[in-house]
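Down below is the structure, laid out as structure tokens.
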Amino acid sequence: MRYVALYSRVSTANQSKGLESQERALEVFCQQHSLSTFKKFSDSNISGAKASRPQLDELMREVERGHVSKVVVYSFSRFARSTKHLLNALEFFKEHNVEFVSLSEKVDTSTPMGRAFFTIISAISQLERELISERVTNGLKNARAKGKRIGRPKTRPSQSILSLREDDYSYREIAKILGVSHMAVARELKNKKCNSIHSQEDLITN
């Protein structure tokens, strides 16, 4: 039998009351809608920016296994770390015939308004990608118009690559949006990782 998954999260260990408050609100929702079969997934002391969260990861695996019929969260901010992450999750839920409810934003994908929200957020995400691509292209054109020599190292929009990666875009998506090669994206992210390691080593040495 499929069940309703209730997800809650707090960033620090001393926010236990906040976690209890979220769980209570989710349970009340189930009671009000006669949803008796549910399971709680809660991540405590975990930042919303983290790519991996033990309980959320388990929830997504349960969705993939076909065990979940509906996912209910207290708010987008407790669930998703970015617009991209939220959209990917909603698409994943749709593929597995799982409804999604956010209490704070009053979004329920089982309703016409909820489905409209999904369409709108998808359009906004697409617009965001196109605007980023346009800004990068215009920036390069402007540099060339001013007579600046654009060599291979300088054509790589480092900040845009890092920003998109932080928003959970894949290497392939970043390359397509920015009009660069997959290898350029890989080099930039590898360079960032190396710089991060060197910085940590310097701190240890000092």
Mind listing the closest non-hydrogen atom pair of Ile46 and Pro54 along with its distance?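 Heavy atoms of Ile46 and Pro54 come nearest at CD1-CD, 3.6 Å.
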Provide the closest heavy-atom pair for Leu19 versus Ser8 in the form atom of the first, atom of the second, distance.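 Taking every non-hydrogen atom into account, CD1-OG, 3.5 Å.
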More than 12 heavy atoms of other residues, nucleotides or ligands under 6.0 Å from OH of Tyr74: is that the case?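 No, OH of Tyr74 has 12 or fewer neighbouring heavy atoms, counting only those of other groups under 6.0 Å.
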Separation between [atom1] of [X] and [atom2] of [Y], rounded to the nearest 0.5 Å:
X      : Y      : atom1 : atom2 : answer
Glu95  : Leu90  : CD    : CG    : 11.5 Å
His182 : Glu173 : NE2   : CD    : 11.0 Å
Lys70  : Cys30  : NZ    : SG    : 9.0 Å
Ser82  : Leu164 : OG    : CG    : 10.5 Å
Leu26  : Ser42  : CG    : OG    : 8.0 Å
Tyr169 : Ile174 : OH    : CD1   : 9.5 Å

Steps toward side-chain contact (heavy atoms from CB on, under 4.5 Å) verdict (Ser69, Glu99): CA-CA 6 Å; Ser69 61; Glu99 297 169 354; over 6 Å; no
Could you work out, with salt bridge (Lys or Arg N to Asp or Glu O under 4.0 Å) as the rule, every residue matching Arg65, not counting sequence neighbours?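 Once residues adjacent in sequence are excluded, the partners of Arg65 under the salt bridge (Lys or Arg N to Asp or Glu O under 4.0 Å) criterion are Glu58, Glu62.
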Between [X] and [Y], is there a shared hydrophobic cluster once you connect ILVMFWY residues whose side-chain heavy atoms come closer than 4.5 Å?
X     : Y      : value
Val63 : Leu87  : yes
Leu6  : Leu59  : no
Tyr3  : Val101 : no
Phe76 : Val72  : no
Val68 : Leu86  : yes

Going through the checks in order, is the side-chain contact (heavy atoms from CB on, under 4.5 Å) test met by Glu64 and Phe92? CA-CA 9 Å; Glu64 191 169 19; Phe92 183 74; 3.9 Å; yes
For residues Glu188 and Asn191, determine if any side-chain heavy atom of one lies less than 4.5 Å from a side-chain heavy atom of the other.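 A side-chain contact exists here, since the closest heavy-atom pair is under 4.5 Å.
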Are Asn97 and Arg2 packed together at the side-chain level, in the sense that at least one heavy-atom pair is separated by less than 4.5 angstrom?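 The answer is yes; the side chains approach within 4.5 Å.
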Are the side chain of Gln22 and the backbone of Arg9 linked by a donor-acceptor contact shorter than 3.5 Å?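 Checking the backbone N and O of Arg9 against the side chain of Gln22, a donor-acceptor pair under 3.5 Å is found.
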Over 60° means perpendicular and under 30° means parallel, so tell me whether Phe79 and Phe93 are parallel, tilted or perpendicular.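 Aromatic pair Phe79/Phe93 classed tilted.
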Could you walk me through whether Leu56 and Asp43 satisfy the side-chain contact (heavy atoms from CB on, under 4.5 Å) test, starting with their C-alpha distance in whole Å, then the side-chain angles of each, then the deciding distance to 0.1 Å, before giving a yes or no? CA-CA 7 Å; Leu56 179 58; Asp43 281 313; 3.8 Å; yes
Counterpart residues, ring pair (Phe, Tyr, Trp, His ring centres under 6.0 Å), relative to [X] (two or more places apart):
X     : result
Phe41 : none
His67 : none
Phe38 : none

With Met113 via side chain to side chain contact (heavy atoms under 4.5 Å, CB included) - residues at least two apart: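 Checked Met113 against side chain to side chain contact (heavy atoms under 4.5 Å, CB included); matches are Thr111.
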Among Arg53, Lys39, Glu23, Arg78, the one residue meeting side-chain hydrogen bond (donor to acceptor under 3.5 Å, both in side chains) with Tyr7: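 Of the listed residues Arg53, Lys39, Glu23, Arg78, the side-chain hydrogen bond (donor to acceptor under 3.5 Å, both in side chains) partner of Tyr7 is Arg53.
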Gln55: which residues meet the side chain to side chain donor-acceptor pair (under 3.5 Å) condition with it, sequence neighbours left out?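 By the side chain to side chain donor-acceptor pair (under 3.5 Å) rule, Gln55 matches no residue at all.
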Give the C-alpha distance, both sets of side-chain angles, the deciding distance and a yes or no for side-chain contact (heavy atoms from CB on, under 4.5 Å) between Leu189 and Leu162. CA-CA 7 Å; Leu189 295 173; Leu162 298 177; 3.8 Å; yes
